[in-house]
Amino acid sequence: MARPFDVRSVEAKWQERWRLDGTYEVDNDDPRERYYALCMYPYPSGAAHQGHVRNYTFGDLVVRYQTMRGKAVLSPFGFDSFGLPAENAAIKAGSHPRIFTESRMAELKQSVQRLGAVYDWRREVMSHDPQYMKYSQLIFLAFLRAGLAYRAEAPVNWCPGCATVLANEQVLADGTCERSGDVVERKNLEQWFFRITDYADELLNDLDSLEWPERVKTMQRNWIGRSEGVEFDLVVADDPTMVLRVFTTRPDTGFGITYAVVAPEHPMLDALTTDEQRPAVEDLVARATSLSEVERTSSSDSGTGLTKRGAFTGRYVLNPFTGESVPLFVADYVLGTYGTGAIMAVPGEDERDLAFARAYDLPVVHTVERPEGTADGAYAGDGSHINSGFLDGLNVADAKAAATAFLVERARGRATVNYRLRDWLVSRQRFWGCPIPVVYCDACGMVPVPEDQLPIVAPDDVVMDRNGQSPLATHAAFRDTTCPVCGGPARREADTMDTFTDSSWYFLRYTDPFSEGRPFDPAQAAKWMPVDQYIGGIEHAILHLLYARFYLKALVDIGLAPGLPREPFTRLFTQGMIRLDGSKMSKSKGNLIAPEQYFDRVGADALRVFHLFVGPPGDDVDWTAQTEDVIEGCARFLDRIYRLATDATLQVRPRDESLDRPVERAVHRTIKRVTTDLDRWSYNTAVAAVMELLNTVSKWAHDDGVEPSVLAEALDVMVRLVAPMAPHVSAEIWEIRHPGEPSVHAQPWPVADPDLLVEETLTMVVQVNGKVRARLEVRADITDEAASAAAMADETVRQYLAGATPSRIVARAPRLVNIIV
RNA sequence: GCCCGGAUGGCGGAAUCGGCAGACGCGGAGGCCUCAAAAGCCUUUACUCGAAAGGGUGUGUGGGUUCAAGUCCCACUCCGGGCACCA
């Protein structure tokens with residue numbers, strides 16, 4: 001393409017100028033209204049790909065737009081620089097993860113700068129920076145003091161081939177290791193946890209106040225999985241001293257209990273098992289625990305989607321409602337980790353219980369009357385109770401209340417709430433992460449590292465091989481230390497923290513990046529928090545966003561963040577993915593389209609406009625053969641603005657109201673459209689609106705000649721409207737048109753003149769029986785009566801009426817009249 | 001299996017409150033400029049019947065509400081994403 005200007009040198013020139021000017025560096029005491037715009041900090045996987053480009057294009061548009069609206073915009077950048085890929089690459093190359101990480105950060109930074117995205121680089125944060133680690137560890141210790149961090153045994157994915165722990169995403173759907181192909185086992189290890197479940201209710205309730213996409217809020221609600229129910233005791237039939245605690249959300253169906261189930265992990269299982277049943281039970285337990293979690297839950301059959309495996313324990317328990325003895329089973333469909341690890345089974349109203357009852361030939365009693373024609377499966381809906389003694393005739397809600405009262409009185413029951421959410425397991429048996437700052441002393445036990453000894457940094461001289469243990473566990477100089485309490489020999493914790501802990505507070509460090517002695521000064525953070533606009537991928541809808549919300553609430557509660565809001569991100573926008581040949585574009589899939597070639601060929605501005613224009617920002621983008629053409633079209637659009645705005649050859653003529661007024665109206669309508677579109681995340685239509693304006697102005701200028709003041713106003717507005725979208729070319733045009741004046745990016749955002757938004761006349765549609773038959777030019781303030789009269793008087797309309805008398809006329813002046821005959 | 005999205009020309013998409021379906025762009029067709037090409041500019045482009053004037057049809061499918069439905073309601077099909085036995 002022949003361009004009217006040298007894209008590469010123009011873009012390089014402005015990028016250099018923005019860097020030197022520091023326009024987008026903001027101080028915490030800036031007097032302007034504050035705005036915190038944030039893109040999720042990236043894992044440095046190398047040079048940027050189109051997903052990054054899309055993310056930072058949106059983010060930079062927000063930064064530049066809000067700056068033009070007069071705000072002090074905090075726009076920081078940093079790196080989620082700990083993580084597994086760098087560690088694996090280092091193992092493969094026999095190198096150090098820092099080397100990979102730092103070179104990749106440099107590449108990504110370079111791409112981001114060539115995109116023309118502007119940041120306050122003084123505030124850059126990297127999670128592997130010892131200065132950052134120091135405070136990640138300090139927060140951990142604060143959590144520990146506050147009782148929010150604790151140690152417990154937990155099962156991990158253990159690969160016998162690699163002799164190491166795998167992350168869930170490294171375990172394939174068939175339960176094997178993605179690297180070695182070995183069957184992954186479950187193994188119990190002592191692990192660190194954070195008590196996120198203490199915040200379950202608040203995390204759930206506060207979602208209501210957030211301007212987030214509904215589907216993200218729904219995903220978080222489901223993840224937390226609050227359910228109200230009753231806990232009560234089932235008494236063992238032949239030994240009233242033994243009771244089994246169960247949890248149910250359907251106490252009202254209690255008359256339908258025909259058996260009960262304990263989880264294979266249940267602590268009382270051994271005591272509950274009779275000698276003759278012990279072999280069968282042990283067999284079932286061995287099977288359930290030897291399988292990986294994936295395998296245990298993935299086997300299916302066609303009917304219910306699930307195969308239930310169980311064994312009779314030899315015991316019976318008493319149904320508290322009927323006093324009958326029902327058999328007690330162990331089955332792997334009951335989880336040890338949820339509720340009490342044991343259930344009452346009601347196959348009449350629960351699908352899973354029904355599947356088990358059918359497999360083991362257990363009786364089914366219906367306790368809720370089902371509507372006519374309901375399939376003969378388990379019925380979970382509302383209805384009148386039957387076969388239920390004192391509950392008969394009650395609906396589900398009333399029966400629940402009555403049954404709960406009954407259980408509270410007769411079976412040591414209590415109303416309770418359970419959550420699907422579990423505590424956050426933060427231990428990782430990894431090298432390339434933030435070490436957990438505790439030591440183990442033979443005399444004193446677990447001892448926190450004193451804060452003045454932070455940060456605990458992993459040594460550089462480690463051997464990155466794959467012998468199965470974290471390099472930290474075998475590195476004597478790191479491992480062996482002295483106890484801070486008694487001075488005796490001690491071992492350092494060899495595990496590192498989940499990298500989600502790093503990303504749970506980086507946005508706070510940005511507000512006060514040089515803070516010493518504490519993660520951030522709450523007074524400084526309070527100047528910016530909460531983040532006004534957070535932008536990132538939908539893939540972080542649950543974990544990252546939930547953990548970050550938990551962190552801030554906890555930091556406020558334990559005194560590290562007094563005065564801060566309890567929610568970090570007011571508005572969230574989740575951008576769509578870029579897909580190539582139907583699958584997500586990502587480094588791990590190796591299907592990246594590098595932006596560099598576009599920077600060289602068409603320029604960053606054209607690529608930015610493409611990402612804004614191609615479709616709704618929240619939708620996925622398919623990168624296809626046509627994409628190249630669309631990007632060129634975007635470059636063409638920018639070239640046309642450039643040519644028109646710098647064209648000195650246009651014919652000049654005197655002002656003519658009838659020619660110029662429509663152009664002025666178009667300009668101000670466009671200001672209105674673009675402004676509302678930018679505010680409602682409709683970037684594709686905002687670009688389209690500017691394209692339309694360009695077409696209008698361009699046609700007018702060429703057909704009618706130019707009235708200089710109208711043209712100047714139109715062009716200056718247009719350049720300001722595209723400034724957040726295509727910052728380089730707009731800055732260049734502005735400089736040509738206004739030499740010596742402040743940059744377009746320092747100009748105020750245009751404001752629409754309300755007088756020019758009011759239409760004097762417009763086109764009214766006349767329908768006959770709902771079909772459009774005529775269009776009339778009418779005054780904007782026409783009444784319904786006058787509109788109907790005008791419609792009836794129209795010659796074309798009369799032809800369609802063919803003399804018939806309308807039975808009804810619907811008038812919606814000034815838009816439409818519908819004549820019904 | 002459950003939950004959440006989505007389906008509109010050849011393609012990406014627009015239609016903010018139930019009121020002109022297809023804005024804007026890509027691609028296609030024709031033309032201007034040129035020795036020629038590239039670039040640029042102009043016209044045209046949902047489908048269909050028709051020589052034209054003009055008519056008919058049309059927003060995944062089938063029903064419904066309404067003067068009027070891409071938009072609201074019911075049932076379904078297909079596609080994408082998330083979660084996988086949460087009692």
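Letters go in sequence order (proteins before strands), and every chain restarts at 1.
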Can you tell me, in whole Å, how much space there is between the [atom1] of [N] and that of [M]?
{"N": "U44(B)", "M": "C24(B)", "atom1": "P", "result": "12 Å"}
{"N": "G25(B)", "M": "C76(B)", "atom1": "P", "result": "42 Å"}
{"N": "C67(B)", "M": "A53(B)", "atom1": "C1'", "result": "30 Å"}
{"N": "G31(B)", "M": "A37(B)", "atom1": "P", "result": "12 Å"}
{"N": "U59(B)", "M": "C4(B)", "atom1": "P", "result": "26 Å"}
{"N": "A69(B)", "M": "U61(B)", "atom1": "P", "result": "15 Å"}
{"N": "A51(B)", "M": "G70(B)", "atom1": "P", "result": "31 Å"}
{"N": "G54(B)", "M": "C72(B)", "atom1": "C1'", "result": "35 Å"}

Nearest-nucleotide pick for [X], side chain only, options being [options]:
{"X": "R773(A)", "options": "G82(B), G56(B), A14(B)", "result": "G56(B)"}
{"X": "A688(A)", "options": "A21(B), G12(B), A23(B)", "result": "A23(B)"}
{"X": "P616(A)", "options": "G13(B), C20(B), A87(B)", "result": "G13(B)"}
{"X": "N684(A)", "options": "G13(B), G82(B), G25(B)", "result": "G13(B)"}
{"X": "V772(A)", "options": "C20(B), G27(B), C85(B)", "result": "C20(B)"}
{"X": "V810(A)", "options": "C4(B), G25(B), C67(B)", "result": "C67(B)"}
{"X": "R680(A)", "options": "G25(B), C20(B), A15(B)", "result": "A15(B)"}
{"X": "V765(A)", "options": "C20(B), C24(B), U43(B)", "result": "C20(B)"}
{"X": "T218(A)", "options": "C24(B), C3(B), U43(B)", "result": "C3(B)"}

d([atom1], [X]; [atom2], [N]) in whole Å:
{"X": "L638(A)", "N": "A39(B)", "atom1": "CG", "atom2": "P", "value": "17 Å"}
{"X": "Q220(A)", "N": "G81(B)", "atom1": "CD", "atom2": "C1'", "value": "16 Å"}
{"X": "L354(A)", "N": "A87(B)", "atom1": "CG", "atom2": "P", "value": "17 Å"}
{"X": "M691(A)", "N": "A23(B)", "atom1": "CE", "atom2": "C1'", "value": "12 Å"}
{"X": "K217(A)", "N": "G5(B)", "atom1": "NZ", "atom2": "P", "value": "13 Å"}
{"X": "M219(A)", "N": "C3(B)", "atom1": "CE", "atom2": "P", "value": "15 Å"}
{"X": "F637(A)", "N": "C26(B)", "atom1": "CZ", "atom2": "P", "value": "11 Å"}
{"X": "R422(A)", "N": "C83(B)", "atom1": "CZ", "atom2": "P", "value": "14 Å"}

(request) Give the ring-plane orientation class for W681(A) versus F58(A), where under 30° counts as parallel, over 60° as perpendicular and anything between as tilted. (result) perpendicular
(message) Apply the syn/anti split at 90° from 0 to G22(B) and say which one it is.
(response) anti
(request) Specify the glycosidic conformation (syn or anti) of C76(B), with syn defined as within 90° of 0. (result) anti
Would you mind pulling out the nucleotide paired to [N], Watson-Crick or G-U wobble, both distances under 3.5 Å?
{"N": "A23(B)", "result": "none"}
{"N": "G70(B)", "result": "none"}
{"N": "A75(B)", "result": "U61(B)"}
{"N": "U43(B)", "result": "A29(B)"}
{"N": "A51(B)", "result": "none"}
{"N": "G18(B)", "result": "none"}
{"N": "G1(B)", "result": "C83(B)"}

Considering just the side-chain nitrogens and oxygens of [X], establish if one lies under 4.0 Å of OP1 or OP2 belonging to [N].
{"X": "K771(A)", "N": "U57(B)", "value": "yes"}
{"X": "R808(A)", "N": "A68(B)", "value": "no"}
{"X": "S227(A)", "N": "A87(B)", "value": "yes"}
{"X": "N222(A)", "N": "A84(B)", "value": "no"}
{"X": "R420(A)", "N": "A84(B)", "value": "yes"}
{"X": "R636(A)", "N": "C26(B)", "value": "yes"}
{"X": "R215(A)", "N": "G5(B)", "value": "no"}

Salt bridge or not for [X] and [Y], using N-O below 4.0 Å?
{"X": "E231(A)", "Y": "R412(A)", "answer": "no"}
{"X": "D233(A)", "Y": "R245(A)", "answer": "yes"}
{"X": "D647(A)", "Y": "R643(A)", "answer": "no"}
{"X": "K400(A)", "Y": "E228(A)", "answer": "no"}
{"X": "D353(A)", "Y": "R358(A)", "answer": "no"}

(request) Name the residue closer to the 5' end of RNA chain B, choosing between T624(A) and I820(A) according to the nucleotide with the nearest heavy atom. (result) T624(A)
(request) On RNA chain B, check which nucleotide each of S698(A) and V614(A) is closest to and give me the residue with the more 5' one. (result) V614(A)
Considering every strand and a 4.0 Å limit on heavy-atom distances, what is the contact class for [X]: base, sugar-phosphate, or nothing?
{"X": "L816(A)", "value": "base"}
{"X": "D353(A)", "value": "nothing"}
{"X": "R775(A)", "value": "base"}
{"X": "E214(A)", "value": "nothing"}
{"X": "Q626(A)", "value": "base"}
{"X": "N818(A)", "value": "base"}
{"X": "R673(A)", "value": "nothing"}

(request) Would you please test R250(A) and E349(A) for salt bridge (charged side-chain N to carboxylate O under 4.0 Å, His left out) and show each step? (result) CA-CA 9 Å; R250(A) 293 296 304 276; E349(A) 277 75 38; over 6 Å; no
(message) Taking atom types as they are modelled, would you say the side chain of R812(A) forms a donor-acceptor pair with the base of G19(B) within the 3.5 Å cutoff?
(response) yes
(message) Show me the pairs that pass salt bridge (Lys or Arg N to Asp or Glu O under 4.0 Å) and involve residues 804-821 of chain A, at least two apart or across chains.
(response) none
(request) Determine whether I196(A) and L203(A) make a side-chain contact, defined as any pair of heavy atoms from C-beta on separated by less than 4.5 Å. (result) yes
(request) Find the distance between CG (D677(A)) and CG (L612(A)) and round it off to the nearest 0.5 Å. (result) 12.0 Å
